[in-house]
Amino acid sequence: MYHLSVLIALAAICEAVSAASPVGTCLTGSTPFELSTFCAPGYYCPLYNASDSSTFPVQCAATDDCVITRLTAKFCSAQGTYEPLLCEAGHYCPSPSEQIKCPEDHYCPIGQSKPIKCGAMTACAAGSSKKREWGSLLSLVIGDIAAVILYCFLVWYKARQQQSIKDRCAVIPINTPTAEEGDTGRRTESVLDDVEGGKMVKGQRTATEVLCEGFDRARGKLPLLILEFEQLSLTVPGDASKGRKPLTILTGVTGSIRPGKVTAIMGPSGA
């Protein structure tokens with residue numbers, strides 16, 4: 001009789017311990033550890049029942065494969081019957097037993113209990129886990145368009161400036177020798193006479209035209225200018241009141257100045 005009473009007491013104790021322990025199995029065969037009495041927001045607990053303590057969320061020891069997966073910053077599947085899972089990316093979990101695909105114009109990162117509305121200048125397709133920003137792309141497009149417009153304006157402005165120079169070169173005449181054979185005189189027509197007459201004398205060149213051609217040569221459009229001089233002289237005037245005589249520095253110097261070179265004329269004293 002005594003032994004029977006002991007057996008009954010042991011059975012009652014075992015039943016009480018079993019009732020207090022979490023129910024379910026772990027993939028590793030270990031005993032699960034109860035986490036809480038409810039499924040936390042953002043987690044998916046498909047077997048959870050608030051009125052049944054045996055379905056409360058538990059945590060199990062991870063398998064070797066799961067440990068390796070977690071070391072690579074990834075998530076592995078549930079390691080036990082009642083182990084909760086984070087709500088998948090692109091989905092939201094409004095209740096422990098629901099995992100719903102994220103709607104259009106919303107995005108749902110991993111572990112969301114409700115979808116997040118996409119803001120302005122963003123795009124979110126159904127099932128998106130993140131939003132696509134269009135603002136930065138639009139800024140790049142606007143910047144490229146502005147650069148093209150600026151480039152076209154500079155090209156147009158440069159062409160207009162060159163045309164303006166050519167127009168000025170064609171309407172400012174100067175006195176030039178006539179083209180008739182044996183005539184060594186010079187024309188003295190005024191600028192107004194030529195402009196009002198609506199014509200230019202054939203072969204006549206203008207002062208601005210000569211200057212413009214020099215600029216064109218300097219820019220490389222025409223052969224570069226070569227300046228030549230002959231019998232160049234330089235004399236510093238004297239001062240009779242101070243008894244200073246005129247000083248000749250250069251006499252009869254002949255030479256040329258070529259493009260792309262620095263040329264200096266020096267006298268005996270280095271001046």
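Fair warning: this is a prediction, and the values are worked out from it, not measured in the lab.
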*Hey, are S241 and D239 close enough side-chain-wise for a donor-acceptor pair under 3.5 Å?*
yes

*side chain to side chain donor-acceptor pair (under 3.5 Å) with E98: which residues, sequence neighbours excluded?*
S95

_Worked verdict on Q79 versus T28 for side-chain hydrogen bond (donor to acceptor under 3.5 Å, both in side chains)_ = CA-CA 8 Å; Q79 300 296 291; T28 58; over 6 Å; no

*If only atom types and distance count, is the side chain of Q99 paired as donor or acceptor with the main-chain N or O of S97 below 3.5 Å?*
no

*Is there a chain of hydrophobic side chains (I, L, V, M, F, W, Y, each step under 4.5 Å between heavy atoms) that links V155 to F153?*
no

*According to a 4.5 Å side-chain heavy-atom criterion applied to Ile, Leu, Val, Met, Phe, Trp and Tyr, with indirect links allowed, do L27 and V67 form part of one hydrophobic cluster?*
no

*asked:* Between T263 and I257 (side chain of the first, backbone of the second, donor and acceptor by atom type, cut-off under 3.5 Å), is there such a pair?
replied: no

*Could you give the distance from NE2 (H106) to NZ (K117), rounded to the nearest 0.5 Å?*
5.0 Å

*Find the distance between CG (L150) and CG (L154) and round it off to the nearest 0.5 Å.*
4.5 Å

_For I116 against P109, the heavy-atom pair lying closest together_ = CD1-CD, 4.0 Å

*Using only the SG atoms, establish whether C108 and C87 come within less than 2.5 Å of one another.*
no

_For Y82 versus L47, what's the shortest heavy-atom pair and its separation?_
CE2-CB, 3.7 Å

*Verify the cluster assignment for L234 and L227: are they in a single hydrophobic cluster under the rule of side-chain heavy atoms below 4.5 Å apart?*
yes

*Once you round to the nearest 0.5 Å, how far does OG1 of T72 lie from CZ of R70?*
11.0 Å

*Only counting residues at least two apart or in another chain, list the ones meeting ring pair (Phe, Tyr, Trp, His ring centres under 6.0 Å) with Y157.*
none

*asked:* To the nearest 0.5 Å, what is the distance between CD1 on I226 and CZ on R258?
replied: 4.5 Å

*Check whether any side-chain N or O of T254 sits under 3.5 Å from a backbone N or O of Q231 as a donor-acceptor pair, and report yes or no.*
yes

*For K114 and Q112, work out which heavy atoms get closest and say how close.*
O-NE2, 3.1 Å

*Supply the atom-to-atom distance H91 NE2 to S129 OG, rounded to the nearest 0.5 angstrom.*
10.5 Å

*Where is the tightest heavy-atom contact between S233 and T251, given as atom of each residue plus distance?*
OG-CA, 3.5 Å

*Is F75 reachable from I68 through a run of I, L, V, M, F, W or Y residues, each pair having side-chain heavy atoms under 4.5 Å apart?*
no

*Does the Y44 side chain pair with the main chain of Y92, one donor and one acceptor, at a distance under 3.5 Å?*
no

*What pair of heavy atoms forms the shortest contact from F56 to E34, and how long is it?*
CD1-OE2, 4.1 Å

*How far apart are the C-alpha atoms of Y48 and F38, what are their side-chain angles, what is the distance that settles it, and do they pass the side chain to side chain contact (heavy atoms under 4.5 Å, CB included) test?*
CA-CA 8 Å; Y48 173 74; F38 63 92; 3.7 Å; yes

_side chain to side chain contact (heavy atoms under 4.5 Å, CB included) evaluation trace for F229 with V253_ = CA-CA 8 Å; F229 51 90; V253 178; 4.0 Å; yes

*Are Y151 and W156 in one and the same hydrophobic cluster, where Ile, Leu, Val, Met, Phe, Trp and Tyr link if side-chain heavy atoms are under 4.5 Å apart?*
no

_Quick one: does any side-chain atom of E83 pair with a main-chain N or O of C60 as donor and acceptor, under 3.5 Å?_
yes

_Which heavy atom of S113 sits nearest to which heavy atom of G42, and what is that distance?_
CB-N, 3.8 Å

*How about C102 and C124: are their SG atoms under 2.5 Å apart?*
no

*asked:* Less than 4.5 Å apart, side chain to side chain, heavy atoms only: is that true for P246 and P237?
replied: no

*Does atom OH of Y43 have more than 12 heavy-atom neighbours from other groups under 6.0 Å away?*
no

*Rounded to the nearest 0.5 Å, how far does CG of D144 lie from CD1 of I149?*
11.0 Å

*Taking atom types as modelled, find out whether T25 and T81 have a side-chain donor-acceptor pair closer than 3.5 angstrom.*
yes

*Trace of the side-chain hydrogen bond (donor to acceptor under 3.5 Å, both in side chains) decision for D65 with T63*: CA-CA 5 Å; D65 292 340; T63 60; 5.4 Å; no

